[in-house]
Amino acid sequence: MINAEDWKQEQERLNGVTEKLQARITELEPEVSGLYAQVADIRKQFWGEVTVNTSTDEDFEETFYSIRQQEALLSERERSHLQRMQQWRNMNRLLPSPYFGRIDFHEDGLSFTEQVYIGVSSFVDSDGVSFLIYDWRTPIASMYYDYSPGAAGYDTPGGYVSGTMKLKRQCQIHHGQLQNVFDTSLTIGDELLQQVLGKGADNQMKSIVATIQKEQNAIIRDVKSRMLIVQGAAGSGKTSAALQRVAYLLYTHRERLKADQIVLFSPNPMFNSYVSTVLPELGEENMQQTTFQEYLDHWLGRAFRLEDPFDQIEYVLTEQSTQGYEARLQGIGYKASVDFLQALRNYTQWLKQEGMRFTSIRFRDRDLITAKQMESKFYSYDPSIRLTNRITLLQEWLLHELASLESKEREALWVQDELDYLDKDQYAEVYNQLHKERGVFDFAEQYEEVREKLLSEHRLDEGDFDYAAQEEELLRRMIVKEDFKMLKRSVKRMLFIDLAGIYVQLFQDKEAFEKMTHGAQVPSLWPEICRQTQEKLGRFELFYEDMTPYLYVKELIEGIRTNTEVRHVFVDEGQDYSIFQYEFLKKLFPRARMTVLGDFGQAIFAQATELYGEDSPLIRLYGQAETSLFRLVRSYRSTREIVEFTKTLLPDTKGIVPFERGGRKPLLSKMGSGEKRATRIAEHLAELRAEGFVSIGVITKTAAESEEAYNLLMSQGCQGLKHVTKSTPTFEKGTLIIPVYLAKGVEFDAVLIYDASSQTYHRESERKLFYTACTRAMHRLLLYTTGEWTPYIQAIDTSFYEVGQ
């Protein structure tokens with residue numbers, strides 16, 4: 001703590017800044033409301049001020065410029081209103097706690113030392129020059145996170161500024177009053193972090209700008225890397241740093257980067273609500289948030305029933321005794337591999353020579369254009385033409401053929417039958433529809449075209465023209481055109497390609513696969529993998545592991561769909577994505593930089609990708625030169641005792657460093673039955689709530705176990721329980737009963753592992769699942785069993801936990 005005189009000076013300065021903030025807010029309020037009223041009036045009177053006159057070219061030009069003038073005035077007023085409104089919001093955001101840090105910096109070559117106070121937004125004095133508060137994202141504020149007192153400096157657009165940091169001070173302010181002030185030689189003093197991390201978990205993630213660490217700051221301010229990979233221990237602040245990075249990018253590139261040009265891929269929809277308040281808290285709009293499953297649903301959901309990753313993991317965790325289980329696991333792993341990716345690339349090269357499959361275009365129970373005709377036409381094109389370009393040429397040919405067939409179809413008997421059954425009302429409806437769709441001039445033009453055609457064909461004089469025949473010809477055209485619309489639409493959507501057939505033919509047998517993929521190797525249980533894949537596709541369903549490869553083949557044939565507007569893509573829980581999905585994201589957003597966050601220690605899905613290390617395929621995605629790797633090893637979420645316990649669960653977590661925040665050791669309770677376990681859990685829940693914990697997770701292995709736990713605890717009279725499933729839309733406070741795979745990325749004051757027995761967790765492949773469950777706990781971790789403890793716990797020294805009675 002600082003001395004009394006320094007405290008007094010800091011409080012006096014705070015009082016002065018608060019007064020100026022309040023004065024500025026008072027000054028802005030009438031401007032904000034006044035400008036809003038002006039904009040509303042201009043909008044209301046927009047057309048009232050403009051006389052629309054198109055009688056002559058001069059009148060039209062005058063009207064045009066009058067509208068442009070009003071439009072420019074409205075745009076200017078709206079810009080002014082938005083700027084004033086943003087300033088007003090920033091002032092109100094600063095008012096309760098104007099700043100959280102101070103550095104005194106003496107720049108080399110200058111005669112004075114500047115006091116730099118740092119907050120979530122900038123605030124300039126009335127002279128318009130003197131900064132009373134610097135936004136934490138400004139270059140000069142970076143020193144607060146990167147340096148201790150002593151030699152320091154920062155990058156600016158004009159070059160590097162060097163000097164000496166004379167003082168680093170941290171403070172906590174609440175409603176205009178100093179709560180704590182610390183002078184420190186560290187990036188962020190332990191005293192401040194202790195207080196921040198000692199608070200309870202919330203239902204939404206909060207900003208960490210006051211406690212950003214040096215290693216997190218490097219991630220936040222990186223603007224050079226095309227690919228930025230963050231491998232971070234559980235609770236190391238990966239996601240928090242990523243969200244501050246979004247805010248930093250929006251601030252630094254505010255003239256050319258907007259929030260809707262940034263996309264965050266979240267692990268599940270519930271996680272989106274969990275992180276939704278961070279950017280608004282920093283005065284920025286939220287970026288686009290979605291899941292990769294939603295992307296797959298968009299492109300494949302109309303053609304197939306799709307398995308989602310949660311259904312897949314439920315299968316992996318619960319179906320060990322079913323036939324074909326080992327083959328399915330092999331298939332999941334292989335279909336997520338670099339080897340399969342290359343095999344599909346080779347396959348599309350083979351398709352250039354043979355093997356393309358098409359779907360005949362059928363009309364009224366007959367083939368108009370057969371698949372054989374399409375295949376023949378496709379392979380008649382120059383073999384040097386790219387596959388996607390040949391598909392485009394075939395599409396154009398099909399549309400041309402359909403136009404020709406449509407003309408011939410007008411004389412078909414079924415058309416006459418349609419005409420015979422049209423009554424007067426239907427005739428009127430047909431005419432009105434034609435008139436509405438084509439417009440009066442088109443109709444007249446078509447009328448004249450048909451009249452001339454009939455006169456010419458039948459060598460009739462004008463006086464002999466049969467208007468009934470003309471009407472019939474028009475109706476025939478319209479009837480056939482309406483029926484052919486669907487055919488043309490399907491061709492434009494490329495439904496003439498038998499994509500399911502193209503994909504499934506990969507899974508005939510080993511010899512065929514090797515031929516089509518230039519000798520690609522396959523897993524040992526390939527025949528069973530082929531059978532499962534064929535059976536699934538035969539029911540118009542797709543395994544989750546097939547969805548991205550299927551879409552990859554589709555786009556290699558039809559052409560890659562791209563979004564050139566998005567500039568930054570963020571992938572959270574990045575270890576759970578396959579290399580296929582990363583390839584897609586790279587191709588889908590060709591102009592975007594990518595930030596991937598994850599922890600391979602929490603790689604609980606079978607298609608996991610190694611994020612860190614020379615063997616990571618992610619590094620090869622953009623190349624070593626354009627990729628930056630960051631490793632966060634300090635865990636801030638859990639108490640020291642919980643971190644030391646969870647470190648023993650995985651062999652490669654020895655380097656994790658716990659933050660020195662003490663607490664109770666994990667508590668292990670062994671009961672004789674499920675009913676007694678439910679009773680004990682109910683008692684512990686009551687005790688935890690009495691201690692003031694409001695965010696509690698009862699974590700289970702599977703959805704079925706989650707439902708069982710919920711029902712048993714409800715029968716014990718537990719109140720306020722929330723049962724979380726994959727369709728739960730938002731993350732809420734309270735006591736949540738939740739499968740571990742849905743708890744990824746979130747944290748709880750206390751975590752209760754519902755069943756930590758050897759019966760539930762015994763396979764080595766489930767070790768990371770168990771680790772993930774335990775690392776959700778901030779302050780308390782309690783584990784239960786009705787039998788033998790899981791082998792992961794049996795191997796732990798008893799000094800790392802307490803045993804319950």
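Nothing here was measured: the structure is a model prediction, and the numbers come from that model.
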Of all the heavy-atom pairs spanning Phe292 and Thr548, show the shortest one and how long it is. CE2-OG1, 3.8 Å

Tell me which pairs pass ring-ring contact (aromatic ring centres under 6.0 Å, His included) where either residue lies in residues 678-703, with sequence neighbours left out. His684-Tyr784, Phe693-His779

Does the side chain of Glu644 reach to within under 4.5 Å of the side chain of Lys647, using non-hydrogen atoms? yes

Carboxylate-amine/guanidinium proximity below 4.0 Å for Glu766 and Lys701: yes

Scanning both residues in full, the closest heavy-atom pair of Pro791 with Tyr761 reads CD-O, 3.4 Å

Sub-3.5 Å donor-acceptor pair from the side chain of Glu788 to the main-chain atoms of Ser757, do we have one? no

Asn286: side-chain hydrogen bond (donor to acceptor under 3.5 Å, both in side chains) partners, not counting sequence neighbours: none

Donor-acceptor contact present, side-chain Asn180 to main-chain Gln172, <3.5 Å: no

Backbone N/O of Ser240 and side chain of Gln244: donor-acceptor pair under 3.5 Å: yes

Do the side-chain N and O atoms of Gln312 and Glu545 include a donor-acceptor pair separated by under 3.5 angstrom? yes

Taking the side chain as everything from C-beta on, heavy atoms only, tell me whether Ile212 gets closer than 4.5 Å to Tyr144. no

Answer yes or no: is there a side-chain heavy-atom contact under 4.5 Å between Pro309 and Gln293? yes

Any salt bridge linking Glu641 with Lys665? Criterion: basic side-chain nitrogen under 4.0 Å from a carboxylate oxygen. no

Decide yes or no for Phe770 and Leu783: does some side-chain heavy atom of the first lie under 4.5 Å from some side-chain heavy atom of the second? yes

d(Ile737 CD1, Glu707 CD) to nearest 0.5 Å is 12.0 Å

Do you know the tightest heavy-atom contact between Ile579 and Val338? CG2-N, 4.0 Å

Here the pair of heavy atoms bringing Ala242 nearest to Leu597 is CB-CD1, 3.3 Å

I would like to know whether Thr646 and Ser638 meet side chain to side chain contact (heavy atoms under 4.5 Å, CB included); could you show each step before the answer? CA-CA 10 Å; Thr646 56; Ser638 307; over 6 Å; no

Over all atoms of both residues, closest heavy-atom pair of Val643 and Ser635: CG2-OG, 3.8 Å

Can you tell me if Arg776 uses its side chain to pair, donor with acceptor, with the backbone of Val746 under 3.5 Å? yes

Test your reading of the model: is there a side-chain donor-acceptor pair from Arg661 to the backbone of Arg637, 3.5 Å cut-off? yes

Check: Trp789 and Leu668 side chains under 4.5 Å, non-hydrogen atoms: yes

Atom CD of Gln759 with >12 non-hydrogen neighbours under 6.0 angstrom: no

side-chain hydrogen bond (donor to acceptor under 3.5 Å, both in side chains) involving Thr679 - partner list, sequence neighbours excluded: Gln716

Is there a side-chain contact between Val698 and Leu721, using heavy atoms and a 4.5 Å cut-off? no

To the nearest 0.5 Å, how far apart are CG in Leu243 and CZ in Phe570? 8.0 Å

Between Lys676 (side chain only) and Lys670 (backbone N and O only), is there a donor and an acceptor less than 3.5 Å apart? no

Using a 3.5 Å distance criterion without hydrogens, assess whether the side chain of Lys238 forms a donor-acceptor pair with backbone atoms of Gly232. yes

How long is the gap from OG1 on Thr648 to CD1 on Ile796, to the nearest 0.5 Å? 3.0 Å

Arg767 side chain to Leu650 main-chain N or O, any donor-acceptor pair under 3.5 Å? no

Answer yes when Arg664 and Glu687 have at least one side-chain N-carboxylate O distance shorter than 4.0 Å, and no when they do not. no

Under a 3.5 Å distance rule, please check whether Thr702 uses its side chain to pair with a backbone N or O of Glu705 as donor and acceptor. yes

With ring centroids as reference points, do Tyr325 and Tyr315 lie under 6.0 angstrom apart? yes

Six-ring centre of Tyr145, Arg221 cation under 6.0 angstrom, axis tolerance 45°: no

Within the 3.5 Å criterion, strictly below it, is a donor on Asp599 or Gln231 matched to an acceptor on the partner's side chain? yes

Would you say Cys718 and Thr735 make side-chain contact, with heavy atoms under 4.5 Å? no

If you count every heavy atom of other residues, nucleotides or ligands that lies below 6.0 Å from Gln794 atom CD, does the total exceed 12? yes

Can you check side chain to side chain contact (heavy atoms under 4.5 Å, CB included) on Lys744 and Gln602, steps first, answer last? CA-CA 8 Å; Lys744 285 169 65 67; Gln602 299 177 63; 3.9 Å; yes

Could you tell me the separation between the NZ atom of Lys168 and the CG atom of Asp183, rounded to the nearest 0.5 Å? 11.0 Å

NZ on Lys768 to CG on Leu649, rounded to 0.5 Å: 13.0 Å

Pair Thr790, Thr760 - check side chain to side chain contact (heavy atoms under 4.5 Å, CB included), show working. CA-CA 8 Å; Thr790 170; Thr760 299; over 6 Å; no

How are the rings of Phe340 and Phe580 set relative to one another: parallel (under 30°), tilted (30 to 60°) or perpendicular (over 60°)? perpendicular

Applying the side chain to side chain contact (heavy atoms under 4.5 Å, CB included) criterion to Glu319, which one of Thr322, Val316, Leu317 satisfies it? Thr322

Please report the interatomic distance CG(Asn711) to CE(Met714), rounded to the nearest 0.5 Å. 8.5 Å

Are side-chain N/O atoms of Tyr754 and Glu708 paired as donor and acceptor at under 3.5 Å? yes

Intermediate values then yes/no, side-chain hydrogen bond (donor to acceptor under 3.5 Å, both in side chains), Glu326 and Gln330: CA-CA 6 Å; Glu326 290 303 323; Gln330 277 194 12; over 6 Å; no

Taking atom CD of Gln719 as the centre, does the number of heavy atoms from other residues, nucleotides or ligands within less than 6.0 Å exceed 12? no

Hey, are Arg634 and Glu215 close enough for a salt bridge, meaning a charged N less than 4.0 Å from a carboxylate O? no

I'd like to know if the side chain of Asp222 and the backbone of Ala218 have a donor-acceptor N/O pair within less than 3.5 Å. no

For Trp7 versus Gln179, what's the shortest heavy-atom pair and its separation? CH2-O, 3.7 Å

May I ask you to decide if the ring planes of Tyr801 and Phe645 are parallel, tilted or perpendicular, using 30° and 60° as cut-offs? perpendicular

Within the structure provided, determine whether Asp576 and Tyr741 are in side-chain contact (heavy-atom separation under 4.5 Å). no

Does the pair Thr627 and Leu618 meet the rule for a side chain to side chain contact (heavy atoms under 4.5 Å, CB included), with working shown? CA-CA 9 Å; Thr627 302; Leu618 280 186; over 6 Å; no

Evaluate Lys536 against Asp546 for salt bridge (Lys or Arg N to Asp or Glu O under 4.0 Å), listing each step before the verdict. CA-CA 10 Å; Lys536 194 77 169 173; Asp546 280 305; over 6 Å; no

